[in-house]
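Worksheet: the structure to be examined is printed underneath.
All figures in this text were calculated on a predicted structure; none of them were measured in a lab. Values below: all heavy atoms of this structure, side chains included; hydrogens, waters and symmetry mates excluded.
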Amino acid sequence: MGLSDELLNPNKKAMVVEDCCNLLETQVASKSGISGMALKAAFGALKGVKPGYIPYALEQLLPQCFTALDPIWNEGVQKGDPVGHVIANSSDTADALLSVTDARLKTVKRQIVRGTYEKLRGSAKKHVEEAIPDLANIIDKHAKG
């Protein structure tokens, strides 16, 4: 059974999406400087697309994201420490997640979403890597329960 099956079943899905939304909010809020201001402005623009857009978008992306993370997570399970393995391989983990969002962007029709993503894509890997420890802990929390 893959992470999508395990984490997005009807009993857990809402909690996983909520935890991922909270992670995103916390990560964006923690950014500073010019790049942080740009990221916060972009996040605000995405939140303004329509009420509930961020949870909706995460709900749409999570199945593919978890499928992309399955090999890394399962390798960590075999080694006895999936969280530590995902964190130790944060570069590969970020690449796996960004491959999902890059592919999804090809089908996005909303120009504000497309434009925002394209402007921030160059610095995205660094930001995603910084969120990997918290994401790994969210996965672990819900995979256990």
Side-chain angles (χ1 to χ4, degrees), residues 2-76 81-145:
L3 288 174
S4 282
D5 298 325
E6 197 170 340
L7 300 177
L8 298 178
N9 74 52
N11 297 327
K12 295 181 182 179
K13 186 177 189 175
M15 292 182 292
V16 172
V17 170
E18 181 180 350
D19 283 353
C20 289
C21 285
N22 290 338
L23 169 60
L24 192 54
E25 291 274 355
T26 301
Q27 286 293 315
V28 171
S30 73
K31 305 302 176 193
S32 59
I34 293 172
S35 64
M37 288 179 1
L39 189 60
K40 289 173 184 176
F43 189 62
L46 291 177
K47 288 170 79 173
V49 168
K50 68 178 182 178
Y53 181 74
I54 298 297
Y56 166 80
L58 280 171
E59 192 172 323
Q60 299 303 305
L61 287 169
L62 284 176
Q64 296 96 329
C65 287
F66 289 147
T67 298
L69 294 180
D70 275 336
I72 300 167
W73 185 263
N74 290 334
E75 193 174 296
D81 183 12
V83 171
H85 183 73
V86 167
I87 294 168
N89 291 280
S90 62
S91 179
D92 291 340
T93 303
D95 286 338
L97 293 170
L98 289 168
S99 72
V100 171
T101 55
D102 289 346
R104 185 58 169 254
L105 185 69
K106 294 175 183 171
T107 64
V108 169
K109 305 228 185 316
R110 292 179 190 264
Q111 186 53 44
I112 190 167
V113 175
R114 180 183 299 279
T116 301
Y117 187 82
E118 289 171 349
K119 284 179 187 151
L120 297 173
R121 179 55 177 93
S123 63
K125 185 170 179 177
K126 178 183 99 148
H127 297 302
V128 173
E129 285 178 347
E130 290 170 358
I132 295 299
D134 291 334
L135 177 62
N137 285 313
I138 289 170
I139 293 170
D140 190 52
K141 170 185 162 184
H142 293 289
K144 288 179 176 176

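Ser91 is linked by a side chain to side chain donor-acceptor pair (under 3.5 Å) to Lys125, counting only residues two or more places apart in sequence or in another chain. Partners of Lys31 under the salt bridge (charged side-chain N to carboxylate O under 4.0 Å, His left out) rule, at least two apart in sequence or in another chain, are Glu130. Remark: Ala38 pairs with no residue by the side-chain contact (heavy atoms from CB on, under 4.5 Å) rule, at least two apart or across chains. Every side chain to side chain donor-acceptor pair (under 3.5 Å) that Glu75 has, sequence neighbours left out, goes to His85. Not a single salt bridge (charged side-chain N to carboxylate O under 4.0 Å, His left out) links Asp92 to another residue, sequence neighbours left out. With sequence neighbours left out, Ser99 forms a side-chain contact (heavy atoms from CB on, under 4.5 Å) with no residue at all. Ser90 pairs by the side-chain contact (heavy atoms from CB on, under 4.5 Å) definition with Glu129, Ile132, not counting sequence neighbours. In terms of the side-chain contact (heavy atoms from CB on, under 4.5 Å) criterion, residue partners of Asp5 (sequence neighbours excluded) are, by chain and number, Met1. Residues satisfying the side chain to side chain donor-acceptor pair (under 3.5 Å) criterion with Thr101, sequence neighbours excluded, are Tyr117.
Sorted by first and then second residue, the side-chain hydrogen bond (donor to acceptor under 3.5 Å, both in side chains) pairs involving residues 19-29 (not counting sequence neighbours) are Asp19-Lys141, Asp19-His142, Glu25-Lys47.
A donor-acceptor contact shorter than 3.5 Å is absent between the side chain of Asn137 and the backbone of Val83. Judged by distance alone, with hydrogens and angles left aside, the side-chain atoms of Asn89 form no donor-acceptor pair with the main-chain N or O of Val86 at under 3.5 Å.
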Evaluate side chain to side chain contact (heavy atoms under 4.5 Å, CB included) for Leu135 paired with Leu69, printing each intermediate quantity in order. CA-CA 11 Å; Leu135 177 62; Leu69 294 180; 4.2 Å; yes
Using residues 103-111 as the side-chain source, report each donor-acceptor pair under 3.5 Å to any protein atom, sequence neighbours left out, with the distance given to one decimal.
from   : atom 1 : to     : atom 2 : distance (Å)
Thr107 : OG1    : Arg104 : O      : 2.9

Can you give each donor-acceptor pair under 3.5 Å made by side-chain atoms of residues 51-59, sequence neighbours left out, with the distance rounded to 0.1 Å?
from  : atom 1 : to    : atom 2 : distance (Å)
Glu59 : OE2    : Lys13 : NZ     : 3.4

